[in-house]
There are 2 protein chains.
Amino acid sequence: MSIETDIKQKKFRSPYQRMGLNLVYTSNWIQYQQMEIFREFDITSQQYNVLRILRGQHPNPIKVSDIADRMLDKNSNTSRLIDKLLLKKLVDRKSCPNDRRAVDVIITEEGLALLKDLDPEVEKWEDNMVGITPEEADLISSLLDKLRNSKNNN
Amino acid sequence: MSIETDIKQKKFRSPYQRMGLNLVYTSNWIQYQQMEIFREFDITSQQYNVLRILRGQHPNPIKVSDIADRMLDKNSNTSRLIDKLLLKKLVDRKSCPNDRRAVDVIITEEGLALLKDLDPEVEKWEDNMVGITPEEADLISSLLDKLRNSKNNN
DNA sequence: ATACATATAATGTTGAAACATGTATTTGTT
DNA sequence: AACAAATACATGTTTCAACATTATATGTAT
């Protein structure tokens, strides 16, 4: 279905408006589908995002602020996200020796194991975006980059 | 900046993964920017979404369930959104005569006036996506449509 | 006509997001 | 050395989202 039928709106004031609505709609759609995968593993998509960042650094620790920098949602409360992950023993946290304001976070073996179970599910989902070619996916990525750049320097 | 530098991730397992992350990241980015416009008018982006749907029907009423169908976020609690809009006198609500389970919602003059003030701000923002051409915006829209379609029939 | 399923919306509850504030530590300046 | 400013994180509070449940009305089959 086109965005027109999905949100039952026939006319848009510009290609930009239609694209903007389509982008937000499609992002919600992606996140909702992925949430159903994450739910079986009792984590949220934000927590998954943090775990992936931590795995990217493993076995090195990473500071809370650096995690926040890398997150998709720049406005999330990283402290509390890590609290939740700590409760589930998926991460460890300790004061950073070089800078005692900072806190080093590291993924546990348990966290790595969870990702290892979860990854095939997520990858299966990703690889099933068969409606578009890899080249088209790259095209979307580069257009989105251009889109954001055009407005960064306002 | 590219998504690589924005989320500081150098490698992706596939063009699809990179596109998915880019899509969610860009949607968050759009919504955050627009939120700053809405904030001056004391509404949320979800409430704005509802108001626009209601204006699209004006002067006809529309049922709560039909509003939910047209929203960008299909999982929002439309009843409570309308409660909030009612408090601000931006909408009216009355039982539907044909079906007493249903509730007819209609935008008020005050609601229309708010949108009239708000529209130029949103349009100014939309029209400033100068990094991409209208043709490219259309291209993104059609690729996103294709993307969602490929997975609707799983 | 009755029973049962479905549709529609509101509500209750729990947990998370949003936003501001607080506290400790570090860095920079004079 | 003393002070101001910046940084890093945690916490408090209020609002909102997510999910399940309830209440009422409508449709359908017997």
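Worth knowing before you read on, the calculation uses all heavy atoms, side chains too, and leaves out hydrogens, waters and symmetry mates. Each chain gets a letter, A, B and so on, in the order its sequence line appears, and its residues count up from 1.
- The residues Asp127(B) and Arg13(A) are annotated as salt-bridged, a charged nitrogen and a carboxylate oxygen being separated by less than 4.0 angstrom.
- The stretch residues 57-65 of chain A comes close to DNA chain D through Lys63(A), Val64(A), Ser65(A), each having a heavy atom under 4.0 Å from the strand.
- Residue-to-nucleotide proximity on DNA chain C shows that, of Ile82(B) and Tyr32(B), the 5′-proximal contact is made by Ile82(B).
- Nearest-nucleotide positions on DNA chain D for Val103(A) and Thr44(B) put Val103(A) closer to the 5' end.
- Distance, Asp42(B) CG to dC16(D) P: 10 Å, rounded to whole Å.
- Across Thr108(A), Ile67(A), Asn49(A), a single residue satisfies side chain to side chain contact (heavy atoms under 4.5 Å, CB included) together with Leu54(A), and that is Ile67(A).
- Within the 4.5 Å cutoff, no side-chain heavy atoms of Gln47(B) are placed close to those of Leu90(B).
- Side-chain contact between Leu81(A) and Met71(A) is present, with heavy atoms from C-beta onward closer than 4.5 Å.
- Side chain of Asn149(B) to backbone of Asp145(B): a donor-acceptor contact under 3.5 angstrom is found.
- We find that Lys124(B) and Glu121(B) are joined by a salt bridge, their nearest charged nitrogen and carboxylate oxygen being less than 4.0 Å apart.
- With sequence neighbours left out, Asp99(B) forms a salt bridge (Lys or Arg N to Asp or Glu O under 4.0 Å) with Arg101(B).
- Heavy atoms from other residues, nucleotides or ligands lying under 6.0 Å from NZ of Lys89(B) number 12 at most.
- The listed nucleotides are dC19(D), dT26(D), dA8(D); the one nearest the side chain of Asn77(B) is dC19(D).
- Positionally, the nearest nucleotide of DNA chain C for Thr78(B) lies more toward the 5' end than for the other of Arg100(A) and Thr78(B).
- Atom CZ of Arg80(A) is separated from atom C1' of dT14(D) by 12 Å (rounded to the nearest Å).
- With a cutoff of under 4.0 Å to any heavy atom of chain B, the contacted region of DNA chain C is bounded 5' to 3' by dA7(C) to dC19(C).
- Within the 4.0 angstrom heavy-atom criterion, no nucleotide atom of any strand lies near Asp83(B).
- Where Arg101(A) and Arg93(A) each meet DNA chain D at their nearest nucleotide, the meeting point lying more 5' is that of Arg101(A).
- Side chains of Met19(B) and Leu147(B) form a contact here, defined as non-hydrogen atoms less than 4.5 Å apart.
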